[in-house]
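Here is the structure we will look at, set down as structure tokens.
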Amino acid sequence: MDKKYIMALDQGTTSSRCIIFNRKGEIVASSQKEFEQIYPHGGWVEHNPMEIWGSQIGVTGEALATAGLDATDIAAIGITSQRETTVVWNKRTGLPVYNAIVWQCRRTAGYCDELKAKGYDKVIKEKTGLILDPYFSATKIRWILEHVPGAREQAKAGELLCGTIDTWLIWNLTKGRVHVTDETNASRTMLYNIHELKWDEDLLKEFNIPVSMLPKVKSSSEIYGETDDMIFGAPIPIAGDAGDQQAALFGQLCCDKGMAKNTYGTGCFLLMNTGTTPVVSEHGLLTTIVASHDGKHRYALEGSIFVGGAVIQWLRDELRMIPSAADSERYAAAVDDTNGVYLVPAFVGLGAPYWDAYARGTMVGLTRGAKKEHVIRAALESMAYQTYDVLQAMQKDSGIILQKLKVDGGASANSFLMQFQSDVLNKPVERPAVIETTALGAAYLAGLAVGYWDDLEDIEKNCKPAFEFSPNMEDNRREKVINEWHKAVNRSLGWEER
Ligand SMILES: Nc1ncnc2c1ncn2[C@@H]1O[C@H](COP(=O)(O)OP(=O)(O)O)[C@@H](O)[C@H]1O
Ligand SMILES: O=P(O)(O)OC[C@H](O)CO
């Protein structure tokens with residue numbers, strides 16, 4: 001393989017990114033652009049699919065230009081994206097019929113309640129490994145078909161396509177020639193049977209979604225097609241595709257049973273590889289498919305936290321308390337504690353392990369002495385407490401006691417947060433030299449598919465040493481703050497009227 005670089009397109013909830021890696025897994029160039037978050041009603045979240053495509057292609061061109069490269073230097077593209085977020089578009093015009101409904105959006109909570117009332121949550125869990133919740137794509141696709149004038153008829157006539165963001169990007173990159181997804185993204189739609197490894201006919205019938213709308217499901221590491229010549233001037237093979245959390249698991253090389261990572265992005269997602277057997281959770285976790293490069297099917301337990309780094313974005317954009325997310329570290333470190341303030345960022349309900357679509361954001365413990373610094377610190381700490389809750393559930397479900405937690409994602413750059421995480425878990429926290437493990441995972445998957453890297457050992461030999469945070473909190477203090485956090489969570493549950 002004479003081409004020198006691999007390019008990862010990482011389409012996250014808040015920004016589109018392109019990172020170009022060399023054979024050592026080092027970043028050669030990167031470019032990133034935030035895009036608009038659309039909140040049409042309380043608890044609803046949308047993105048403009050054309051803005052997603054436009055920002056993604058924009059940053060890709062920028063990264064190539066920064067590195068002084070062109071398409072002929074790139075061995076392959078790996079795609080990774082926010083999961084579950086759903087786009088429905090017209091096959092002929094390529095235009096979306098509605099905005100992308102984002103994974104965080106709660107608009108289908110009432111419909112999910114109806115399904116739960118008839119016991120359908122058990123069917124969903126058995127077939128898909130998921131918890132019946134508005135989080136996943138199925139009820140979002142159904143909502144679009146029910147509410148957009150003419151959509152149902154067009155879908156019946158075979159004129160509409162749908163997909164998660166990876167599918168939307170690949171379709172656009174190939175100018176409508178390739179309509180695919182991979183198993184990790186498919187496993188988040190609530191339409192994919194994770195045991196039979198196919199779209200489930202019963203679920204499609206229940207949600208009234210024609211199978212003709214759905215993409216072909218592929219592995220996470222193979223050539224799906226080539227980019228259209230017009231896009232980069234020469235074709236580049238698209239050879240990796242995985243949901244961002246599964247890509248990060250692969251990027252951290254958690255390829256064996258019992259290996260786990262937590263990613264601190266918009267949300268926080270803790271995934272543990274459970275090997276070739278799916279583990280059914282008794283404690284509010286999901287069973288999901290892991291990205292593999294060797295044709296074997298592996299599964300993970302996942303704890304999905306809906307608001308992680310997004311709480312910091314909220315402090316920045318809505319409360320205007322901090323000029324940038326990184327400033328949160330300085331403010332939090334300026335005080336010894338939160339002065340009794342707890343912030344439960346249940347802005348879009350709570351995910352794992354509580355699964356309450358009606359929970360809402362809550363701040364408790366306020367006194368006249370509460371300062372901005374305390375609130376900022378409480379916001380950062382909320383990520384660590386939510387991770388604590390998920391890890392407890394994961395250890396119970398898997399029977400595995402984690403010795404240390406591998407971390408990554410935008411907010412893992414915050415050393416105050418990582419130290420507090422280690423303190424609250426009473427475990428070491430390991431932050432890799434490259435925290436962009438989501439993009440790195442997509443690059444590995446693509447590179448392995450085209451022979452840019454020979455195998456995992458070839459990749460592993462280049463890994464740089466990670467930084468370790470060690471726990472440093474007294475036991476009685478840890479118990480006290482965790483108890484108080486749980487009191488605060490209880491206040492947030494069931495706040496919104498059904
Ligand atoms: N230094 C930091 N401290 C705390 N939060 C941060 C920091 N840097 C970024 N974040 C938060 O992390 C998120 C961005 O992380 P990223 O991994 O890019 O997310 P995504 O892939 O979901 O778009 C944002 O919500 C931002 O507020
Ligand atoms: O955009 P992120 O990194 O917060 O990830 C979003 C998740 O994939 C949603 O399931």
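Start at 1 and go down the list; that is how both ligands and their atoms are numbered.
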Under 4.0 angstrom from ligand 2, any heavy atom of Gly267?
yes

Residue and atom name of the nearest protein heavy atom (relative to atom 9 (C) of ligand 2), distance in Å to one decimal:
Glu84 OE1, 3.2 Å

To which of Gly309, Ala326, Ala248 does the heavy atom nearest atom 11 (C) of ligand 1 belong?
Gly309

Flag, side chain of Gln37 to backbone of His47, donor-acceptor distance under 3.5 Å
no

When you measure from atom 6 (C) of ligand 2 to each heavy atom in Asp244, Ile305, Thr263, which option holds the nearest one?
Asp244

For atom 18 (O) of ligand 1, the closest protein heavy atom turns out to be Arg17 NH2, 2.9 Å

Specify the protein heavy atom at minimum distance from atom 3 (N) of ligand 1: its residue, its atom name, and the distance to 0.1 Å.
Asn414 ND2, 3.0 Å

Side chains of Val45 and Tyr39: does their closest heavy-atom pair fall under 4.5 Å?
yes

How far apart are the C-alpha atoms of Tyr135 and Phe306, what are their side-chain angles, what is the distance that settles it, and do they pass the ring pair (Phe, Tyr, Trp, His ring centres under 6.0 Å) test?
CA-CA 9 Å; Tyr135 177 22; Phe306 292 159; 4.9 Å; yes

Where is the nearest protein heavy atom to atom 17 (O) of ligand 1: which residue, which atom, and how far?
Gly410 N, 2.9 Å

Give the C-alpha distance, both sets of side-chain angles, the deciding distance and a yes or no for ring pair (Phe, Tyr, Trp, His ring centres under 6.0 Å) between Phe269 and Trp103.
CA-CA 13 Å; Phe269 298 88; Trp103 58 276; 5.6 Å; yes

Please assess Phe420 against Tyr385 for the test ring pair (Phe, Tyr, Trp, His ring centres under 6.0 Å), listing each intermediate value before the final yes or no.
CA-CA 9 Å; Phe420 189 77; Tyr385 290 129; 5.5 Å; yes

If you have a sec, work out which protein heavy atom is nearest atom 1 (O) of ligand 2 and how many Å separate them, to one decimal?
Thr13 OG1, 2.4 Å

So do the side chains of Pro215 and Trp168 get within less than 4.5 Å of each other, counting heavy atoms only?
no

In ligand 1, which numbered atoms sit nearer than 4.0 Å to a non-hydrogen atom of Gly12?
21 (O), 23 (O)

Interfacing atoms of ligand 1 (cut-off 4.0 Å, heavy-atom, Ala310):
25 (O)

May I ask you to identify the nearest protein heavy atom to atom 20 (P) of ligand 1, giving residue, atom name and distance to one decimal place in Å?
Thr266 OG1, 3.5 Å

For atom 5 (N) of ligand 1, what is the nearest protein heavy atom, given as residue, atom name and distance?
Ala411 CB, 3.4 Å

Between Lys33 and Glu62, does at least one N-O distance fall below 4.0 Å, as a salt bridge requires?
no

Side chain, backbone, both or neither: Arg188 near ligand 2, heavy atoms under 4.0 Å
neither

Could you tell me, atom by atom, which parts of ligand 1 come under 4.0 Å of a heavy atom of Ser328?
3 (N), 4 (C)

What atoms of ligand 2 come closer than 4.0 angstrom to any heavy atom of Tyr135?
9 (C), 10 (O)

Derivation and outcome, salt bridge (charged side-chain N to carboxylate O under 4.0 Å, His left out), residues Arg107 and Glu46
CA-CA 11 Å; Arg107 78 184 64 196; Glu46 296 179 0; 2.8 Å; yes

Under 3.5 Å, side chain of Asp397 to main-chain N/O of Met394, donor-acceptor pair present?
no

Distance to 0.1 Å, residue and atom name: give those for the protein heavy atom nearest to atom 2 (C) of ligand 1.
Ala325 O, 3.8 Å

What's the shortest distance from atom 23 (O) of ligand 1 to any protein heavy atom, and which residue and atom give it?
Thr14 OG1, 2.6 Å

